[in-house]
Amino acid sequence: MKRYIFTVCLLSLCAFADAQIQHDHSACVDDSINSLEEAILSEVTVTGLTGTQRLMDSPIPFSVISPKKLHQSAGSNIVDAIKFQPGLSQISTGSGISKPVIRGLGYNRVVVVEQGIRQEGQQWGDEHGLEVDGEGVHSVEILKGPASLMYGSDAIAGVMILHPEPNLEDSTMQIKGGGEYQSNNGLYNYHVGFAGNMNGWLWNWHYSDKAAHCYHNEVEGYVPGSWFKERDVQGMFGVAKDWGHSYLRFSNVDFTPGITEGEREEETGELSWEDGNSPKDYEIQTPFQHVIHTKVVSDNAWYIKDGALKTIVGYQQNYRREFEEMDEAELAMRLHTVNYDIRYQLPLSHDWSIATGANGMWQKNENQAEEMLIPDYALFDFGYFLTADKKIKKWHLSGGVRVDNRHLNIEGFGEDGEVQFSSLDKNFTGFTGSFGSVYNVNDCMNLRLNAARGFRAPTVSELSSNGVHEGSVQYELGNEDLKSEYSTQIDFGLDYTCHVVSLNAALFSNWINNYIFLTRLPFETEGYRTYKYQQGDARLIGGEISLDVHPVNPLHFENAFSYVRGVQLNQPEECENLPMMPAPRWTSNLRYEFADFAKGYCKRTFIGLGMEYDFRQDNYYAFEDTETATADYAIFDLSAGMDLHLFGCNCIELTFICQNLFDKVYQPHLSRLKYTDVNTLTGRQGISAMGRNVCLKINVPIDIHLKKKMNGNMQNL
């Protein structure tokens, strides 16, 4: 905390010392994204099939979370900050680990793109979160539906794209710092950064430090193992000229979360604490994980006549260890990944645009401890795609085709005559495609229709896992006979915008052949519930609707409803429902934005009251008690914020948020802590989510425009 106070004070002094400070370095970018909140879709751009594309012209369902929305959200990680988006939910393990779920599909069915390449960090695990620095994320795109056309295997549910901060204007430097504190788990987070642009030569570096002790709620009190520590460094250096750009990006995420096992005392039913562990201790407590994720990315583009050639090559290493004691890791996995992406984009005559290219990855996993859950393996992906789009009056058509091949070589392993992992050598090939259209009815309304086919090869964990998965408190067995998943999805959407109302609605139907899932077996292994991967055909249907009513400009009443139902075809009643399907959810937010006051010193001031209502989930996978029903619940949030302007500049951004205002005790259906031990006194199973939490965030942006300073000096002469 002392380091945070020192940082804020130092940056504030810098702000007062420089009379040329301004805060407009990314105004054009922020304004284009924030226009989505004002329901002006014509200029918002997203990642389309042939490069960037106007959101109003995209047949693919998208959500865009602006920088301002991210700054005004509270959470322990980036998924926490965006989980209320329609169609998006999360699989959570405690307060530090969250994984995105798009329309009922998660794990390796969602591709996360960060710094231009897909994030690879053993994402098949329940307790394996996203090892990315949330402070380095400028805005977020969420693509809903099969995206194998552009991202290959694993993008069968959709893609979450984390955009870095945009480049500054020429002859501009920026110093930025800030901090955050949360009351429930004592989370503190401070960050500092320095960016600049000198005649097209660019840099952007920042450092962040975050830690939290165990969280608490009214039923369990403090929850053992729910603490975490995180320390991140991220940087970029490059050049952007008329010929294109060349960036070199680097990041290192050092993440140490506790492991919540949920064991209880038989006599009292209370959660058990390891000797020496303390509820409010920020230091490392056993058991815990230690994950170091390092990434280096070379991002290049060359403008060739009217087209653009883009290449991205990246290397990332995920080193994951699990400790029961301090001195030696029981489980250690080192994952090496090389990503590559080369594509050429070319606009043609008569409103045609095409893009073609190839992308994929090479991957190798090495076990470096005595215990193993998955074997050593090597993987190589290659995919080739061709896409096109065309504008015909009020119609915008786009589509493409792709072929993928994944070669997987799994090394066998065994001791004392017992085989833990069998040797496997497999090839998976998939043909995918997408075609969609947007009809611009008028300036206020657009209709969208899209059909897409996705492909996902089985992961190594699904084929060959054999061991105790400590984070999910279960013994997992793979199935080497699994086949590739194929998804066929149809989307229909409508958006309507006028000066008093904004409406977005989407319906989808998704058929998945060879859907892979975990099912519980009727016995225990080494004292753990035992699960094995199986597959069958499945169907998911659902949709989202969001409505923002603003009868007067300062007042917004935003509502969103999300629903998905996943079933297995041709199965008995207890096996009919797909596991890990989120409950129907209604979110509502009443927000009032005040006019500038205090002689213009206070700007963008707002106050809001939000509600999340999760309906009862009775459609659960009941076979062998794999899942249970989840009760409905409603939680309320209170938020407020403002930007303080001094000396004509934006000096301090303040945000206050009170989550779970009424201290509700609840269990999300997708929480993995829901299935830990039963309290023998109350009969209640699992651990509840975090109780009331008050969050305060402070950001101090300082922009220094050198050209204006130099011009002023010349005039003085």
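- No donor-acceptor pair under 3.5 Å is formed between the side chain of Gln182 and the backbone N or O of Asn184.
- Arg456 places no side-chain N or O within 3.5 Å of a backbone atom of Ser484 that could act as its donor or acceptor partner.
- Ile102 pairs in a side-chain contact (heavy atoms from CB on, under 4.5 Å) with only one of the listed residues (Leu143, Ile156, Leu88, Val111), which is Leu88.
- Within a 6.0 Å sphere centred on CD of Gln685, heavy atoms belonging to other residues, nucleotides or ligands number more than 12.
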Distance-only check: which donor-acceptor pairs under 3.5 Å involve side-chain atoms of residues 565-574, not counting sequence neighbours?
from, atom 1, to, atom 2, distance (Å)
Arg565, NE, Asn577, OD1, 3.3
Arg565, NH2, Asn577, OD1, 2.7
Gln568, NE2, Cys575, O, 2.9

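- Side-chain contact check for Tyr621 and Thr519: at least one donor-acceptor pair (N or O, by modelled atom type) lies under 3.5 Å.
- Using a 4.5 Å heavy-atom cutoff, the side chains of Ile82 and Phe84 are not in contact.
- Partners of Gln90 according to the side-chain hydrogen bond (donor to acceptor under 3.5 Å, both in side chains) rule, which considers only residues two or more places apart in sequence or in another chain, are Asp80, Ser98.
- For Ser139 and Lys69, the side-chain atoms include no donor-acceptor pair closer than 3.5 Å.
- Side-chain contact annotation: Lys99 with Asn77, donor-acceptor N/O pair under 3.5 Å absent.
- Arg343 contributes no side-chain N or O that, together with a main-chain N or O of Phe385, makes up a donor-acceptor pair within less than 3.5 Å.
- Looking only at atom types and distance, the side chain of Asn504 has no donor-acceptor partner in the side chain of Glu544 under 3.5 Å away.
- Close placement of the Tyr486 and Phe455 rings is indicated, their centers lying within 6.0 Å of each other.
- Smallest separation of non-hydrogen atoms from Trp395 and Ser437: CZ3-OG, 3.8 Å.
- Contact of the Cys602 side chain with the Asp643 side chain is not registered, since no non-hydrogen atoms from C-beta on lie closer than 4.5 Å.
- Judged purely by atom type and a 3.5 angstrom limit, Gln534 has no side-chain atom pairing as donor or acceptor with the backbone of Ile516.
- At a threshold of 4.5 Å between non-hydrogen side-chain atoms, the residues Val694 and Ile657 do not count as touching.
- At a threshold of 4.5 Å between non-hydrogen side-chain atoms, the residues Asp495 and Leu503 do not count as touching.
- Side-chain N or O atoms of Gln123 include one that pairs as donor or acceptor with a backbone N or O of Gly121 at under 3.5 Å.
- For the pair Val112 and Leu162, the minimum side-chain heavy-atom distance is below 4.5 Å.
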- Query: Which is it for Val137 and Glu135 under the side-chain contact (heavy atoms from CB on, under 4.5 Å) test, yes or no, and what are the steps along the way?
  - Reply: CA-CA 6 Å; Val137 177; Glu135 298 300 335; over 6 Å; no
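- A donor and an acceptor atom, one from each side chain of Arg684 and Ser688, are located under 3.5 Å apart.
- Phe557 is not listed as a side-chain neighbour of Leu547, based on a closest heavy-atom distance of 4.5 Å or more.
- Here the side chains of Thr630 and Lys674 are in contact, with some heavy-atom distance below 4.5 Å.
- A distance of 6.0 Å or more separates the ring centres of Phe561 and Trp586.
- His550 and His556 have their aromatic ring centers within a separation under 6.0 angstrom.
- Proximity of a side-chain donor or acceptor of Gln617 to a complementary backbone N or O of Pro582 within less than 3.5 Å is detected.
- Side-chain polar atoms of Asn514 and Gln535 form no donor-acceptor pair below 3.5 angstrom.
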* Worked check of side-chain contact (heavy atoms from CB on, under 4.5 Å) between Ser89 and Leu670 -> CA-CA 8 Å; Ser89 46; Leu670 299 189; 3.9 Å; yes
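- Counting only N and O atoms by type, the side chains of Thr432 and Asp404 include no donor and acceptor under 3.5 Å apart.
- For the residue pair Thr459 and Asn108, no side-chain donor N or O sits within less than 3.5 Å of a side-chain acceptor on the partner.
- Checked by atom type and distance alone, the side chain of Lys697 pairs as donor or acceptor with a backbone atom of Ser73 at under 3.5 Å.
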Point to revise | Stepwise side-chain hydrogen bond (donor to acceptor under 3.5 Å, both in side chains) test for Asn510 and Ser487 | key: CA-CA 7 Å; Asn510 188 6; Ser487 167; 2.6 Å; yes
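- Of the candidates Lys144, Arg448, Arg103, Asp491 forms a side chain to side chain donor-acceptor pair (under 3.5 Å) with just one, namely Arg103.
- Note that OH of Tyr666 and CE of Met690 are 8.5 Å apart. Values are rounded to the nearest 0.5 Å.
- With ring centers used as reference points, Tyr633 lies 6.0 Å or more from Tyr613.
- Between the side chains of Asn359 and Arg402, at least one donor-acceptor pair of N or O atoms lies under 3.5 Å.
- The shortest side-chain heavy-atom distance between Leu540 and Leu105 falls under the 4.5 Å cut-off.
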Item to check | Stepwise side-chain hydrogen bond (donor to acceptor under 3.5 Å, both in side chains) test for Arg591 and Gln72 | outcome: CA-CA 12 Å; Arg591 176 188 177 98; Gln72 295 173 357; 3.1 Å; yes
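- Asn442 places a side-chain N or O within 3.5 Å of a backbone atom of Cys444 that can act as its donor or acceptor partner.
- Put simply, the side chain of Ser671 never gets that close to the backbone of Pro668: no donor and acceptor are under 3.5 Å apart.
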Checking Lys664 against Glu218 for the salt bridge (charged side-chain N to carboxylate O under 4.0 Å, His left out) test, could you report, in this order, the C-alpha distance in whole Å, the side-chain angles of both residues, the deciding distance, and whether it holds? CA-CA 8 Å; Lys664 176 72 174 178; Glu218 193 173 277; over 6 Å; no
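- Residues Phe517 and Tyr533 place their aromatic rings such that the two centres sit no closer than 6.0 Å.
- Under the 3.5 Å distance criterion, the side-chain polar atoms of Asp548 are left unmatched by any main-chain donor or acceptor of Ser502.
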Show your working on ring pair (Phe, Tyr, Trp, His ring centres under 6.0 Å) between Phe636 and Phe662 and close with a plain yes or no.
CA-CA 7 Å; Phe636 293 83; Phe662 301 111; 5.6 Å; yes
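- Side-chain polar atoms of Asn446 and Tyr439 form no donor-acceptor pair below 3.5 angstrom.
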